[in-house]
Number of protein chains: 2
Amino acid sequence: MVKVRRDTGKAVERLRAVGLRPTRQRVELASLLFRNGDRHVTAESLHDEASGLGLKISLATVYNTLHQFTHAGLLRQVVVDASRGYFDTNTGDHQHFFLEDEGTLIDIPGEEITVAGVPQPPAGLSVDRVDVVVRVRRG
Amino acid sequence: MVKVRRDTGKAVERLRAVGLRPTRQRVELASLLFRNGDRHVTAESLHDEASGLGLKISLATVYNTLHQFTHAGLLRQVVVDASRGYFDTNTGDHQHFFLEDEGTLIDIPGEEITVAGVPQPPAGLSVDRVDVVVRVRRG
DNA sequence: CAATAGTTTAGAACTATTCTAAAGTAAGAG
DNA sequence: CTCTTACTTTAGAATAGTTCTAAACTATTG
C-alpha cells in the first residue's frame, strides 16, 4: 500500500539534478513551486501557502531555499518593488507586467517583447540581463 | 555686501513653482540635487552628502523630502535593487544601466532605447510606465 | 547503524524605511 | 514688526522584510 501524498518524485529528481540534497522542506517547497505552471512568489507568500497546507517549514528556511533554488537556476529573482523580493519559476527569456495596485506579476513571453538600441555598456562591463517591467494600474 | 553662500535662488523658485514651502532643508537638498546634471541618490547617500557639507538635516527629513519632490514631479523613483530605493533627478523619458557590483545607475537616453511588442495590458488596466534596466557586471 | 557534513530553526539582529508627537518655523494678518 | 496658524522638522520608536547565529536535527556514506 502506498501512502496518500502529493507526488514528490519529480521534485526529488529536480533537486538531485542540481545537486541539492532533497530534504523534506526542499521537496515540499519544490512541489509547491513547480507543480503547476509558472508562478511568482515572495518568501512570505510561499511560507503562508505552505503553512496553510499544514507543512512545517520556518520562514528562514523558505528564504534559504528560495535563494538556493535561485543559485541553482531553478528560480529567478524579479525586482519590481522596493519593499519585497519576488521569485519567478519561469527562468526563461521573458518580461513582466507589474500590477502596482495589487503587487501582482504577469509574464510577458520573451518572443513578444523586444528591446532595441541598448547602448554599449561602459568599458569593462558586460550585459548580464535586460529587464523590462511594464507597470500597469487601474484606469 | 552679499553673504557668501551657495546660490539657492533657483532652488527656491523651483520649490515655489511646485507649491512646496521653501524651508531651509528643502532648499539645501534641492540645491544639492539640481545644481549639476542628472543624479541618482538614495536617501542615505544624500543624507551623508549633506552631512558631509555640514548641513544639518535629519534622515527622516531626507526621506520626506525625496518623497515630496517625487510627488511634485521633481524626482522619479527607480526600482533596481530589492534593498535600496533610488531617486533620479532626470524625470524625462529614459532608461538605466545598473552596475550590479557597485550599485550605480547610469542613464540611457530615451531616444536610444526602444521597447516594441508590449502586449495589451489585462482588461481594466493601463500602462503607467515601461521601465528597462540593463544589468551589467564586470567581465 | 554510526559518523559526519549538510540542513533547519527559533530567535536575535539588521537594514531600510515609516511613524509619532513634540518642538520649530515660514507666511500672512493685523 | 509680531502674532497666529498651518505646515515642517526631528529624535527616537516602530515596522517590515530579510539575514544571521549557534544549537538541534537529518540525509548520506562508510
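To find a chain, count down the sequence lines: A is the first, B the second, and so on, and within it residues start at 1.
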Has [X] got a side-chain atom pairing as donor or acceptor with [Y]'s backbone, closer than 3.5 angstrom?
X        : Y         : value
Arg24(A) : Lys56(A)  : yes
Gln95(A) : Val130(A) : yes
Asp88(A) : Asn90(A)  : yes

- request: Would you mind telling me which residue lines up with the more 5' stretch of DNA chain D, Gln68(B) or Tyr86(A), judged by nearest nucleotide?
  value: Gln68(B)

Reckon [X] has a side-chain N or O less than 4.0 Å from the OP1 or OP2 of [N]?
X        : N       : answer
Gln25(B) : dT10(D) : yes
Arg84(B) : dT18(D) : no
Thr23(A) : dT8(C)  : yes
Arg21(A) : dA5(C)  : no
Tyr63(A) : dT18(D) : yes
Thr61(A) : dT7(C)  : no
Arg16(B) : dA27(C) : yes

First encountered from the 5' end of DNA chain C, between Leu59(A) and Gly19(A):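 Nearest-nucleotide comparison on DNA chain C picks Gly19(A).
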
query: Counting side-chain heavy atoms from CB outward, which of dT28(D), dT9(C), dT10(D) is closest to Ser58(B)?
result: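 The listed nucleotide nearest to Ser58(B)'s side chain is dT10(D).
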
Of the listed nucleotides dG17(D), dT10(D), dT9(C), the one nearest the side chain of Ala60(A): dT9(C)

message: For a quick check of understanding: with a heavy-atom distance under 4.0 Å over all strands, which category does Ser83(B) fall into, base, sugar-phosphate or nothing?
response: sugar-phosphate

message: Under 4.0 Å, heavy atoms only, any strand: does His67(A) hit a base, just the sugar-phosphate, or nothing?
response: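 Sugar-phosphate only.
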
